[in-house]
Colleague: 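Shown below is the structure under consideration.
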Amino acid sequence: MVPKVAVLAMSPADEMWSADRVFTGDTPEVRALVAAAREGDRAAFDQIVSIYYRAAFRMALAALKRREDAEDATQDAFVLAWRKVSHFRGDSSFKTWLLTIVWRQALDRRRSRTRWWQRTASLGHDDQGRDDEVARLASVEADPERRAEARHRVQQVRSAIEGLTPKLRDTLLLAASGEHGYDEIAAILGVPVGTVKWRVSEARKMIQRTLS
C-alpha cells in the first residue's frame with residue numbers, strides 16, 4: 001500500500017495549482033503524492049511512478065512495439081517528468097500530464113529509430129520481436145472456434161494495422177490497450193474526443209475490410 005503523504009501548504013506562487021483543478025481520475029492519494037513531489041520529495045514521486053508505470057509502459061509499447069524500446073522510453077519520460085513536476089499546475093489530471101510526456105518520448109524514440117533504419121537500409125528487415133499489443137488485439141478479434149489459427153490471425157491483424165496511417169494506428173492501439181478512456185487519449189494526442197472516436201472507428205473498419 002502506498003503510504004499517505006501529507007499535503008504541503010502552498011505558497012502564493014502556487015495558487016494556480018489546486019486540488020480543485022485536478023481532473024477526475026486523480027485520487028486523494030495521488031494528489032497528496034503530487035503535492036509532495038512538487039516540493040522536491042523524490043520518494044513521493046517514486047510512489048507515483050509505481051502507480052502509473054504499467055499504463056505508461058503499455059502506452060510506450062503501443063508506439064514502439066519492442067519491449068526494450070518501450071522500457072527505455074518510459075524511463076526517459078519519468079526522468080523528464082521528475083525534472084518538470086514542480087511546474088505541474090493541474091490543468092489536466094496528473095496521470096494525463098505524465099502519460100503525455102511518455103507518449104512524446106515514445107514518438108521521439110520512434111522517429112529516431114526510423115531515421116536509423118533509413119540510414120542503415122534495414123527498413124525491410126523482418127522484425128522477429130513479438131508485438132504484445134497486436135497479439136492482444138488479434139486474440140479479441142479472432143473467432144474463438146478457430147483458435148488453432150491464432151498465429152496466422154496475429155500476422156493478418158498485424159499486417160492490417162501496419163497498413164493504417166500513423167494517426168489511425170496510434171489511436172487504435174491506445175484505445176485497444178484498455179488503459180485509457182477516449183477523453184484521456186484526446187488530451188494526450190491533443191485532438192478533440194470526436195476525432196479519437198472517428199479514428200478508432202475508421203481504423204476498425206479498415207482492418208475488418210482487410211481481413212474479410
Side-chain angles (χ1 to χ4, degrees), residues 23 25 52 54-74 77 92-93 95-115 117-118 123-212:
F23 287 3
Y52 292 130
R54 181 175 180 272
F57 172 74
R58 289 178 68 84
M59 168 168 282
L61 186 62
L64 294 166
K65 303 180 183 178
R66 295 182 178 180
R67 297 186 66 86
E68 296 82 0
D69 288 340
E71 288 170 355
D72 289 343
T74 301
S92 70
S93 70
K95 179 184 178 184
T96 297
W97 180 84
L98 180 63
L99 293 183
T100 299
I101 294 176
V102 174
W103 183 248
R104 290 173 179 170
Q105 286 294 114
L107 292 186
D108 285 347
R109 182 172 290 270
R110 187 169 71 183
R111 283 190 288 266
S112 296
R113 189 177 68 187
T114 299
R115 287 193 294 268
W117 279 344
Q118 290 170 338
L123 279 174
H125 181 68
D126 184 19
D127 178 15
Q128 296 300 315
R130 179 59 58 190
D131 183 346
D132 292 343
E133 287 304 318
V134 174
R136 195 201 70 80
L137 182 61
S139 68
V140 172
E141 294 290 339
D143 184 343
E145 297 179 359
R146 301 177 61 190
R147 291 188 182 278
E149 299 178 7
R151 184 180 298 275
H152 177 60
R153 188 67 166 178
V154 166
Q155 186 57 49
Q156 284 184 313
V157 174
R158 178 173 182 170
S159 296
I161 291 177
E162 289 300 322
L164 298 172
T165 64
K167 289 182 178 180
L168 291 182
R169 181 173 62 247
D170 289 342
T171 308
L172 174 66
L173 291 178
L174 286 175
S177 73
E179 297 284 348
H180 321 287
Y182 283 170
D183 288 348
E184 190 169 72
I185 294 173
I188 291 168
L189 298 182
V191 299
V193 174
T195 299
V196 172
K197 293 180 178 179
W198 179 86
R199 289 180 183 177
V200 172
S201 176
E202 187 68 13
R204 287 172 174 166
K205 289 177 182 177
M206 293 180 70
I207 290 174
Q208 288 172 357
R209 284 198 294 267
T210 299
L211 297 179
S212 62

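Excluded from the calculations below are hydrogen atoms, water molecules and symmetry mates; all remaining heavy atoms, backbone and side chain alike, are included.
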Colleague: Quick check for you: to the nearest 0.5 Å, what is the distance between Glu202 atom CD and Ile207 atom CD1?
Modeller: 11.0 Å
Colleague: Using a 4.5 Å cut-off on heavy atoms from C-beta on, say whether the side chain of Val102 contacts that of Tyr52.
Modeller: no
Colleague: Return the CG to OG distance between Leu99 and Ser93, rounded to the nearest 0.5 Å.
Modeller: 8.0 Å
Colleague: Tell me whether Arg109 contacts the main-chain N or O of Leu64 through its side chain, where contact means a donor paired with an acceptor under 3.5 Å.
Modeller: no
Colleague: Could you tell me the separation between the OG1 atom of Thr96 and the CD1 atom of Ile101, rounded to the nearest 0.5 Å?
Modeller: 11.5 Å
Colleague: Give, for atom CZ of Arg66 and atom CG of Asp72, the distance between the pair rounded to the nearest 0.5 Å.
Modeller: 12.0 Å
Colleague: Name all pairs fulfilling the salt bridge (Lys or Arg N to Asp or Glu O under 4.0 Å) condition that reach into residues 183-193, sequence neighbours left out, sorted by first residue then second.
Modeller: Lys95-Glu184
Colleague: Considering only heavy atoms from C-beta outward, does the side chain of Arg110 approach that of Asp170 to under 4.5 Å?
Modeller: yes
Colleague: So which atom in Val200 and which in Ala175 form the shortest heavy-atom distance, rounded to 0.1 Å?
Modeller: CG2-CB, 3.8 Å
Colleague: Roughly how far, to the nearest 0.5 Å, is the CG atom of Leu172 from the CZ atom of Arg169?
Modeller: 10.0 Å
Colleague: Could you tell me which residues satisfy side-chain contact (heavy atoms from CB on, under 4.5 Å) with Ser201, sequence neighbours excluded, listed by chain and number?
Modeller: Lys205
Colleague: Mind checking side-chain contact (heavy atoms from CB on, under 4.5 Å) for Ala70 and listing every partner two or more places apart, or none if nothing turns up?
Modeller: Phe57, Ala60, Leu61
Colleague: Minimum heavy-atom separation for Leu164 and Ala203, please, with both atom names.
Modeller: CD1-CB, 3.9 Å
Colleague: Can Gln105 and Asp108 be said to form a side-chain contact (heavy atoms from CB on, under 4.5 Å), step by step?
Modeller: CA-CA 5 Å; Gln105 286 294 114; Asp108 285 347; 4.2 Å; yes
Colleague: Looking only at non-hydrogen atoms, find the nearest pair between Ala160 and Thr210 and report the distance.
Modeller: CB-CG2, 3.9 Å
Colleague: Would you give me the side-chain donor-acceptor pairs under 3.5 Å for residues 189-199, sequence neighbours excluded?
Modeller:
| from | atom 1 | to | atom 2 | distance (Å) |
| --- | --- | --- | --- | --- |
| Arg199 | NH1 | Thr171 | OG1 | 3.4 |

Colleague: Using salt bridge (charged side-chain N to carboxylate O under 4.0 Å, His left out) as the criterion, list what pairs up with Arg54, not counting sequence neighbours.
Modeller: Glu179
Colleague: Quick one: list whatever passes ring pair (Phe, Tyr, Trp, His ring centres under 6.0 Å) with Trp97, sequence neighbours left out.
Modeller: Phe88, Phe94
Colleague: Can you tell me how far apart CG (Leu173) and CZ (Arg58) are? Round to the nearest 0.5 Å.
Modeller: 11.0 Å
